[in-house]
Trainee: 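Pasting a structure here, questions to come.
Atoms considered below: every heavy atom in the structure, side chains included; atoms not considered: hydrogens, waters and symmetry mates.
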Amino acid sequence: MNKRRNFFAKLQWIRTVSGRFARVDRKGRSAVTSVLATLGICFGVMTLITVMSIMNGFQMNFIDAIMEVSSYHIRGSGVTEEKEADFINTCLANKNVISITPFYEAQTLMTNEKGHESAAIIRAVEPDIYEKDAGFSHEMEMIGGKFDLSQSNSIVLGYTLARKLRVEVGETVNLLVLSGGSDVSLLSGDRNFIVKGLFKTGYSDINSSYCFINLQDGKDNFGKAAEKLYGIKLKDSQDDAITISSINKAFEDAQLQSWRDYNKSFFGALRIEKNMLLLLVALIFVVVGVNIYNGMRRLVFERKSEIAILSAIGAENRDIKTIFIVRGLTTGAIGAFFGVILGLLISVNTQFMFNMAARLMYWLQYAVTAVFNHANLIYVQENSSYAVYANIPARIFFREVVMIALFGMASPLFASWAASRNVLKMTVAEVLHHE
């Protein structure tokens, strides 16, 4: 009990002395250094949160489209028709599984009636997948016709693929070349499908290479050797390993593949891109930390007489060091707090911020051109790239915000610790002698 009281009493003493030092240093060069350090942490945290949120939104457009439309969270294969119902029931019994969708997939060379051709990936899915799978329908923006596979020989194309083939809704395409087993004709002019709709997703490769037919048409055209695959959607895509282990324990015959393995190279490239951007922006904290270190060293030197008095009356070196570390922690906490608030405000209003930046740059360019080259005013226009950036929805991840805030607080904390330890090596007599 006494130890606990002593600890809290010492903590209160450290906080009080640190606060008194801070109040004394509110004027002069030390005050400017403290304000600049706080602003540096604030703007560093704000910038990092904003950049990461926009980067997350940019990347998640791709990732969501791939996982919801193409790869799914988990892919299952190797299930026989006799055990299909058991496998589906086993998957749906898992609490993390939202849905399971059977499908066939093949490669094809498609042509239109005039002979224009394009390679494509053709996927046979259940006719009602657009209504049953919320994630699928959310990512599939229909820009022409409907996602209607209820009738035989119906097909839905990516809009870029349709543009390559020069076809519209209602026209006919032919699966001229189709991959499959020995019972499938490699070349055929009879595999004709009517275009029922054109879709658009957030990933250009899907728009330019994917098309969908119904499950029965896939079974009829892909041959007996075609393997039925199963796309499994999860509530939390990060729990893929746990879900795979759970399903394999209950159903050992299935072969399950995670989205991490299926898209390993692409997602790895996105992760490297994000980490490199994070590293470059995080250099702000290194610069701020160096400035805080230099400012804190000067502050400790200016307080050497107070340090000597504190040592003379019995204060331990580690307690005196903690006084300055608390000062650095306070600077980091205040800067990180306001940086998080500003970063979140900007992140949830990116469209407004980019539009405002576009107008500001336009009027700035207009003013400069009016002064120095009035004849070219008619060529001054708003930068259209800002409109593209404004349409990128920012994605804020709580874990990243917390890590950025902690990193912002750690920078001045470490700088304060490094700045205070050397001066404390001086003895009381040495300090007072210099006085």
Trainee: With rounding to the nearest 0.5 angstrom, report the CG to OG distance, Asp239 to Ser246.
Mentor: 11.0 Å

Trainee: Distance check, rounded to the nearest 0.5 Å: Ile88 atom CD1 versus Lys83 atom NZ?
Mentor: 14.5 Å

Trainee: Less than 4.5 Å apart, any side-chain heavy atom of Thr172 and any of Asn112?
Mentor: no

Trainee: Taking atom types as modelled and ignoring hydrogens, do the side chains of Glu252 and Asn248 form a donor-acceptor contact shorter than 3.5 angstrom?
Mentor: no

Trainee: Is there a donor-acceptor pair under 3.5 Å between the side chain of Ser137 and the backbone N or O of Glu131?
Mentor: no

Trainee: Hey, could you give me the CD1/CD1 distance between Ile100 and Ile232, rounded to the nearest 0.5 Å?
Mentor: 4.5 Å

Trainee: Roughly how far, to the nearest 0.5 Å, is the CG atom of Asn192 from the OG1 atom of Thr111?
Mentor: 8.0 Å

Trainee: Taking CZ in Phe338 as the centre, count heavy atoms belonging to other residues, nucleotides or ligands within less than 6.0 Å. Is the count above 12?
Mentor: no

Trainee: Taking side chain as C-beta onward, heavy atoms only, is Phe193 less than 4.5 Å from Ser154?
Mentor: no

Trainee: Quick one about Asp217 and Ser152 (side-chain donor to acceptor, distance below 3.5 Å, no hydrogens or angles considered), yes or no?
Mentor: yes

Trainee: Would you mind checking if Glu105 and Arg75 are paired as a salt bridge, meaning a charged N to carboxylate O distance below 4.0 Å?
Mentor: yes

Trainee: Is the distance between the ring centroids of Phe103 and Tyr72 under 6.0 Å?
Mentor: yes

Trainee: For the residue pair Phe199 and Phe147, is the inter-centroid distance of their aromatic rings smaller than 6.0 Å?
Mentor: no

Trainee: Just checking, any donor-acceptor pair under 3.5 angstrom between side chains of Thr101 and Tyr230?
Mentor: no

Trainee: Return yes if some donor-acceptor pair links the side-chain N/O of Lys235 with the main-chain N/O of Lys95 below 3.5 Å, else return no.
Mentor: yes

Trainee: Ring of Phe212, cation from Arg123 - is the NZ or CZ under 6.0 Å from the centre and inside 45° of the axis?
Mentor: no

Trainee: What residue among Lys219, Lys228, Lys132 forms salt bridge (charged side-chain N to carboxylate O under 4.0 Å, His left out) with Glu126?
Mentor: Lys132

Trainee: Looking only at heavy atoms, which two atoms of Ile346 and Thr50 are closest? And how far apart?
Mentor: CG2-CG2, 3.6 Å

Trainee: Tell me which one of Thr243, Asp240, Ile74, Asp261 satisfies side chain to side chain contact (heavy atoms under 4.5 Å, CB included) with Leu256.
Mentor: Ile74

Trainee: Under a 4.5 Å cut-off applied to non-hydrogen side-chain atoms, are Leu229 and Pro102 in contact?
Mentor: no

Trainee: To the nearest 0.5 angstrom, please state how far the CD1 atom of Ile244 sits from the CD atom of Gln255.
Mentor: 12.0 Å

Trainee: Taking side chain as C-beta onward, heavy atoms only, is Met142 less than 4.5 Å from Val156?
Mentor: yes

Trainee: Calculate, to the nearest 0.5 Å, the distance between atoms CG and CD belonging to Leu165 and Glu171 respectively.
Mentor: 10.0 Å

Trainee: If we ignore angles and hydrogens, is there a donor and acceptor under 3.5 Å between the side chains of Asn56 and Glu400?
Mentor: yes

Trainee: Begin with the C-alpha distance, continue with both residues' side-chain angles, and end with the deciding distance and a verdict on side chain to side chain donor-acceptor pair (under 3.5 Å) for Asn207 and Thr160.
Mentor: CA-CA 5 Å; Asn207 302 330; Thr160 308; 4.9 Å; no

